[in-house]
2 protein chains.
Amino acid sequence: MIPFVKKSIPRNTVYRLSLYHHCLEGPDGGSISSEALAGLARVKPTQLRKDLAWCGSLGKRGTGYDISTLRRRLAETLGTSALQPVVLVGTGRMGSALLRFRENFSRRGFDIAAAFDTRPDRRSRIASVPLFPMSSLARFVNERSVRLAILCVPGVAAQDVCNALVACGIQAILNFAPIVLQTPEQIAVNNVNVAIELENLSYFLK
Amino acid sequence: MIPFVKKSIPRNTVYRLSLYHHCLEGPDGGSISSEALAGLARVKPTQLRKDLAWCGSLGKRGTGYDISTLRRRLAETLGTSALQPVVLVGTGRMGSALLRFRENFSRRGFDIAAAFDTRPDRRSRIASVPLFPMSSLARFVNERSVRLAILCVPGVAAQDVCNALVACGIQAILNFAPIVLQTPEQIAVNNVNVAIELENLSYFLK
DNA sequence: CTGTGTGAAGGCTTTCACAGCC
DNA sequence: GGCTGTGAAAGCCTTCACACAG
């Protein structure tokens, strides 16, 4: 007997599914054709249809996709139907800036439950997110079963903090520190590195 | 006669070349093997060697790659040997935070030459970068031949500002606004979208 | 004997073409 | 008639295997 393997969605496709989800924030009610949605997301219509096939056959021929159904199904597929708690570590310029966008994230299914810093100075909250010292990170993560972390500490501290996050059970990290984190296989890491993005763009200058 | 076509470096490879360049900031002098550098960048050694082959044959068999030669060649290939002027538009939380990292960028070959905002209030500089009203954007870009822009305005304003940037000759945009920009083919756009990154990570949670 | 450079193979993604349903 | 779903083809990227330089 051939073992059943649930083939997982290709990485690029997962990325584009988030993108489609994002593009559906504007339009409300009714349907949208693959061509229209592909235009918003700047991809080819055939690619969009192939991608959406991973979420099941939910388009109507001759009509397109029902927007609210599609939105729901995308959230289910990506795992953002239920509100997901997130911790943010490092409340320097970048970390604080991100905390101000919290409603943006909560609309997308992410709740920044707490922020941590080595030096939580006077304030106990930033943009209404409670701020704690690093020493209480592990306990908070455990008690609230947090699986996602945003890392905004300076480069020199990043690997140590990353190790601490992994040790207390974090499964995925969005890394703003300008270093490549060394993590075990099973930890998912996405990097946001402005210098690399600029360098990458400069290759395409004429 | 077969026309000579300079095959361009694949997108993923360009991205990884930036990554390697970045990983070489620490070690100084001497050589490094493909295995060691691949470990720092978290890729496979064979992939690294294939990627570096786009920069020419610069490894020594039995030894590895000379670090300073490699760094120089990567910068040449990516087009960051000469200092590249960049404009930043939108000095809200995110824009201001980025301006504080300017030395980080200048070390990598990018000079944030000016920042622009609709409401440049009292200050004429942020983190020593001169701040101008939007009305002087076109002139500045033209006079200084700026080709790269960082876009940090709110989503509702982003497309308009993007159009203005394209109109005055900007060739590449690093977009922090949470929308998909509609631009002509030839403009390179990289997006930094925290909500999408989080959504993407949440797919990989167990 | 170590570690690079590279054709060839394999695997994955995108695009095409068109059948099928509304 | 319009638009989706999907096998097949094409294209691209990664990995392998190994020749060969230092």
Side-chain angles (χ1 to χ4, degrees), chain A residues 2 5-20 23-24 27 30-74 77 185 200 203-204, chain B residues 5-20 23-24 27 30-74 77 180 185 200 203-204:
Chain A
I2 299 167
V5 179
K6 184 183 175 259
K7 254 199 125 267
S8 70
I9 306 178
R11 240 210 116 101
N12 287 358
T13 300
V14 174
Y15 202 86
R16 285 191 303 266
L17 290 178
S18 302
L19 186 62
Y20 306 147
C23 291
L24 287 172
S31 302
I32 189 166
S33 70
S34 61
E35 188 168 351
L37 182 51
L40 292 175
R42 310 230 82 189
V43 301
K44 297 233 163 72
T46 56
Q47 176 149 85
L48 179 126
R49 295 204 297 272
K50 258 268 149 78
D51 289 341
L52 292 186
W54 288 96
C55 303
S57 297
L58 25 81
K60 287 214 193 332
R61 296 170 192 223
T63 314
Y65 300 85
D66 178 68
I67 293 180
S68 57
T69 309
L70 185 51
R71 261 208 293 254
R72 191 168 350 106
R73 188 58 76 82
L74 283 169
T77 307
E185 269 301 309
N200 182 250
Y203 176 76
F204 297 100
Chain B
V5 179
K6 184 182 174 261
K7 254 200 125 275
S8 70
I9 306 178
R11 242 209 112 102
N12 287 359
T13 300
V14 174
Y15 202 85
R16 284 190 303 265
L17 290 178
S18 303
L19 186 63
Y20 306 147
C23 292
L24 287 172
S31 301
I32 189 166
S33 70
S34 62
E35 189 168 350
L37 182 50
L40 292 176
R42 312 230 82 189
V43 302
K44 298 232 159 73
T46 56
Q47 175 149 84
L48 179 126
R49 294 205 297 274
K50 258 269 147 80
D51 289 341
L52 292 187
W54 287 97
C55 303
S57 298
L58 22 83
K60 288 216 193 329
R61 298 172 191 221
T63 315
Y65 299 85
D66 178 69
I67 293 180
S68 60
T69 309
L70 185 51
R71 260 208 293 255
R72 191 170 349 105
R73 188 57 76 81
L74 282 169
T77 308
V180 180
E185 268 304 307
N200 182 250
Y203 175 76
F204 297 100

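Each chain gets a letter, A, B and so on, in the order its sequence line appears, and its residues count up from 1.
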Novice: Where the side chain of A:Arg71 meets the backbone of A:Leu24, is there a donor-acceptor pair that is under 3.5 Å apart?
Specialist: yes
Novice: B:Gln47 CD to C:dT4 P: how many Å, rounded?
Specialist: 15 Å
Novice: For B:Leu48, answer base if it contacts any base atom (sugar-phosphate contacts may also be present), sugar-phosphate if it contacts only those atoms, and nothing otherwise; contact means non-hydrogen atoms under 4.0 Å.
Specialist: nothing
Novice: Given atom NZ of A:Lys44 and atom C1' of C:dT13, what is their separation to the nearest angstrom?
Specialist: 12 Å
Novice: Using whole Å, report how far CG of B:Asn12 lies from P of C:dC12.
Specialist: 15 Å
Novice: Just how large is the angle between the end axes of the helix from C:dC1-D:dG22 to C:dC22-D:dG1, five pairs per end, to 10 degrees?
Specialist: 10°
Novice: Check whether any side-chain N or O of A:Tyr65 sits under 4.0 Å from OP1 or OP2 of C:dC22, and answer yes or no.
Specialist: no
Novice: Specify the closest pair of heavy atoms between A:Leu19 and A:Ala41, including all atoms of both residues, with the distance to one decimal.
Specialist: CD2-O, 3.7 Å
Novice: Taking for each residue the nucleotide of DNA chain C with the nearest heavy atom, is it A:Thr63 or A:Thr13 whose nucleotide lies nearer the 5' end?
Specialist: A:Thr13
Novice: Any side-chain N or O of B:Thr46 under 4.0 Å from OP1/OP2 of D:dT15?
Specialist: no
Novice: Give the rounded distance in Å between these two atoms: CG of A:Leu52 and C1' of D:dC3.
Specialist: 13 Å
Novice: How long is the straight-line distance from CG of B:Leu48 back to CZ of B:Arg42, given to the nearest 0.5 Å?
Specialist: 14.5 Å
Novice: Any donor-acceptor pair under 3.5 Å joining the side chain of A:Lys50 to the base of D:dG7?
Specialist: yes
Novice: Mapping A:Gly62 and A:Asp51 to their closest nucleotides on DNA chain C, which lands nearer the 5' end?
Specialist: A:Asp51
Novice: Considering only D:dT4, C:dT14, C:dT4, which nucleotide approaches the side chain of A:Arg16 most closely?
Specialist: C:dT14
Novice: Please find the pair of heavy atoms, one from B:Tyr203 and one from A:Ile9, that lie closest to each other, and give the distance.
Specialist: OH-N, 3.2 Å
Novice: To the nearest angstrom, how far is B:Arg11 atom CZ from D:dT14 atom C1'?
Specialist: 19 Å
Novice: Please report the distance, rounded to the nearest Å, between CZ in B:Arg61 and C1' in D:dA21.
Specialist: 5 Å
Novice: Please report the distance, rounded to the nearest Å, between CZ in A:Arg49 and P in D:dG7.
Specialist: 14 Å
Novice: Nearest-Å distance, OH (B:Tyr15) to C1' (D:dT14)?
Specialist: 19 Å
Novice: Within the 4.0 Å heavy-atom criterion, would you say B:Ile9 contacts the bases, only the backbone, or no part of the nucleic acid?
Specialist: nothing
Novice: Closest approach of A:Asn200 and B:Ser18, non-hydrogen atoms and distance?
Specialist: N-OG, 3.8 Å
Novice: How many angstroms lie between OG in A:Ser68 and CZ in A:Arg73, if you round to the nearest 0.5 Å?
Specialist: 12.5 Å
Novice: Kindly give the heavy-atom pair with the smallest separation between A:Asp66 and A:Gly30, and that separation in Å.
Specialist: OD1-O, 3.5 Å
